[in-house]
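Each residue takes its place number in the sequence, starting with 1. Excluded from the calculations below are hydrogen atoms, water molecules and symmetry mates; all remaining heavy atoms, backbone and side chain alike, are included.
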Amino acid sequence: MVSTPDEQQGRGGSATHDVTNQAPPLTPYDASDDTALLEGLRREGAGWAEEDLRRLGRQAGSAQAQEWADLANRHEPELRTHDRYGNRVDEVEFHPSWHHLMRTAIAEGLAASPWADDQPGAHVVRSAGGLVWGHTEAGHGCPTSMTYAAVPALRRQPELAKLYEPLLTSREYDPALREPTEKRGLLAGMGMTEKQGGSDVRTNTTAATPTAEPGVYTLRGHKWFTSAPMCDVFLVLAQAPGGLSCFLAPRVLPDGTRNTFRIQRLKDKLGNRSNASSEPEFDGTVAWLVGPEGQGVKTIIEMVNCTRLDCVMMSAALMRKSFVEAGHHARHRSAFGARLVDQPLMRNVLADLALESEAATTLTLRLAGAADRAIRGDEGEAAFRRIATAVGKYWVTKRGPAFTAEALECLGGNGYVEDSGMPRHYREAPLLSIWEGSGNVNALDVLRALSREPGAAEALFGELALARGADARLDAAVTRLGTGLSEASPTTARRLVEQMALTLQASLLVRHAPPAVADAFCATRLGGDWGHAFGTLPESAGLDAIVERALPGGGG
């Protein structure tokens with residue numbers, strides 16, 4: 001019996017052909033099905049949270065959460081400066097999917113809740129949760145990251161911390177705009193950079209004028225790139241009589257009236273489009289001093305450590321998500337008589353991506369472990385954290401754009417269309433290198449830490465020494481690195497920090513990853529047996545073992 005065109009279309013085909021050799025939807029899947037992630041979680045003292053992480057992984061890979069991610073980016077936030085009567089309101093409206101993502105992230109402890117948790121490993125759990133929930137979308141990670149980072153800065157002013165910290169560490173999402181202490185939970189944003197200076201915040205021109213009330217100032221000026229303007233409170237840098245200082249500016253004042261926070265426009269960004277980034281102006285804006293006058297940069301330095309860790313974490317999450325998409329496609333797509341995943345050259349590409357992803361994930365969790373232990377008073381880990389976080393931020397975020405481009409190419413033309421989600425990942429990747437200091441800023445900061453921070457170099461080399469004798473290529477790289485430090489200069493800062501990052505990643509893999517992974521990483525990243533693009537691993541690399549380890553559910 002011959003079927004009609006309508007009957008053919010009802011079976012999932014079309015009037016002219018059947019749809020074959022296309023990968024099925026990836027969802028639902030388990031975003032926590034990542035051997036390197038789970039091993040790192042246990043190793044860094046947070047294995048007690050594994051069950052919760054797996055639950056979050058299943059939620060992140062659900063069709064519902066992936067739909068939220070898509071809709072939050074398709075329906076971008078909209079600025080409403082005035083109400084219908086002409087009153088200034090300066091509000092940003094979001095698609096409901098944004099609020100679903102935010103509500104889940106905060107309930108799962110991905111904002112500031114670890115600061116209220118005395119259990120060792122709480123900050124590791126947050127980073128691991130970010131690696132998993134990051135499989136949804138990256139934009140809403142901005143306000144959760146800033147809220148997390150605001151707490152240690154706010155603690156420089158204990159009376160303010162006492163008032164706001166319980167609400168910042170809450171696991172309740174309350175998006176309504178009203179007086180902060182009347183809410184169930186708060187979000188914190190940051191206003192640091194200005195048009196004329198960018199990362200050079202010491203050139204800021206926003207002025208802070210003391211009022212008759214001690215510790216209270218009024219601000220006048222602008223900010224060039226203030227993300228998440230719907231937050232409840234903002235840490236702001238401004239020039240006080242005593243120099244550049246840090247202030248807390250709420251959107252709504254204690255008497256319930258709106259503080260002056262005029263949003264001039266939202267940025268039209270390459271990526272991160274679900275998240276609103278704005279240009280606000282202050283004019284008589286009331287703010288409270290955080291830390292001493294003239295010590296604004298010193299006050300926010302702990303905040304910088306936190307947000308830089310999140311840049312590493314979000315880059316690693318983006319790599320893993322892109323790799324999972326590429327691997328899924330390769331498992332189900334056939335070409336030239338075999339599945340793509342079984343084609344030797346594609347297997348080389350996937351193995352190379354897997355190495356990069358595991359190195360990024362392993363370093364992220366090591367940095368999170370250092371942060372957790374430093375926060376709890378370990379001075380050695382604090383010194384390691386200071387140098388290694390800047391190193392990791394420089395390198396892992398630099399690898400993101402090339403990684404996502406290669407993963408997209410694994411899908412061919414299918415990856416180049418918006419429906420695949422891969423273009424969104426690709427657009428997102430460069431942000432994480434720019435945010436919280438671009439590559440040059442981070443590379444020069446590493447040099448600054450080496451020269452000014454007691455014990456920074458010793459902490460780094462102490463970590464590398466834990467792998468001494470396990471791999472000759474690694475030992476040689478550590479020796480070269482020691483020579484490089486003695487010859488460091490601003491001109492060669494990027495080269496030096498790259499060497500530091502690769503050596504550190506290699507040492508972690510040599511100690512903790514299977515031999516096939518560690519050997520391939522050392523042979524290529526340290527030994528020079530590698531090309532200039534992904535997919536150029538040597539013939540001797542254990543491609544099958546690397547891919548099998550990395551792909552969710554095994555490589556078959």
Ion pair R525/E356, N-O distance below 4.0 Å: yes

Does a donor on one side chain sit under 3.5 Å from an acceptor on the other, for N204 and Q239? no

Taking the basic N atoms (NZ, or NE/NH1/NH2) and the acidic carboxylate oxygens, is any pair closer than 4.0 Å for E302 and R385? yes

Looking at D232 and K183, is any side-chain nitrogen of the basic one under 4.0 Å from a carboxylate oxygen of the acidic one? yes

Got a second to check how far L450's CG is from E458's CD, nearest 0.5 Å? 9.5 Å

About how many Å separate CH2 of W435 and CZ of R308, when rounded to the nearest 0.5 Å? 12.0 Å

Under 3.5 Å, is there a donor-acceptor pair linking the side chains of T364 and T361? no

For W224, does the six-membered ring have the charged nitrogen or CZ of K267 within the cation-pi criterion, i.e. under 6.0 angstrom from the centroid and within 45° of the normal? yes

Distance-only side-chain donor-acceptor flag, T136 / Q66, under 3.5 Å: no

Give a yes-or-no answer on whether the side chains of H140 and W133 include a donor-acceptor pair shorter than 3.5 Å. yes

Going from CG on L237 to OG1 on T193, what distance comes out if it is rounded to the nearest 0.5 angstrom? 9.5 Å

Would you call R495 and E487 a salt bridge, taking side-chain N to carboxylate O under 4.0 Å as the test? no

Check whether the side chains of Q295 and E293 place a donor and an acceptor atom closer than 3.5 Å, and report yes or no. no

Is the closest side-chain donor-acceptor distance between N440 and R494 under 3.5 Å? yes

K269 versus N275: any side-chain heavy-atom pair under 4.5 Å? yes

Using a strict 4.0 Å threshold on nitrogen-to-oxygen distance, state whether R549 and E39 make a salt bridge. yes

Do M319 and V396 have side chains that approach each other closer than 4.5 Å (heavy atoms only, starting at C-beta)? yes

Less than 4.0 Å between a side-chain N and a carboxylate O, is that true for R373 and E44? yes

Lys/Arg N to Asp/Glu carboxylate O, K321 vs E325, below 4.0 Å: yes

Evaluate salt bridge (Lys or Arg N to Asp or Glu O under 4.0 Å) for R320 paired with D34, printing each intermediate quantity in order. CA-CA 9 Å; R320 178 63 187 177; D34 180 353; 3.5 Å; yes

Matching residue for T397 among L318, L431, L432 - test: side chain to side chain contact (heavy atoms under 4.5 Å, CB included): L432

Lys/Arg N to Asp/Glu carboxylate O, K393 vs E436, below 4.0 Å: no

Axial cation check for F384 ring with R366, 6.0 Å and 45° limits: yes

Mind checking whether Y148 and H123 have parallel, tilted or perpendicular rings, split at 30° and 60°? tilted

Before accepting this row, confirm whether a basic side-chain N of the pair E108/R126 lies closer than 4.0 Å to the acidic partner's carboxylate O. no

Angle between ring planes, H135 versus Y29, binned at 30° and 60°: parallel, tilted or perpendicular? tilted

Take the angle between the ring planes of F534 and W530 and call it parallel below 30°, perpendicular above 60°, tilted in between. perpendicular

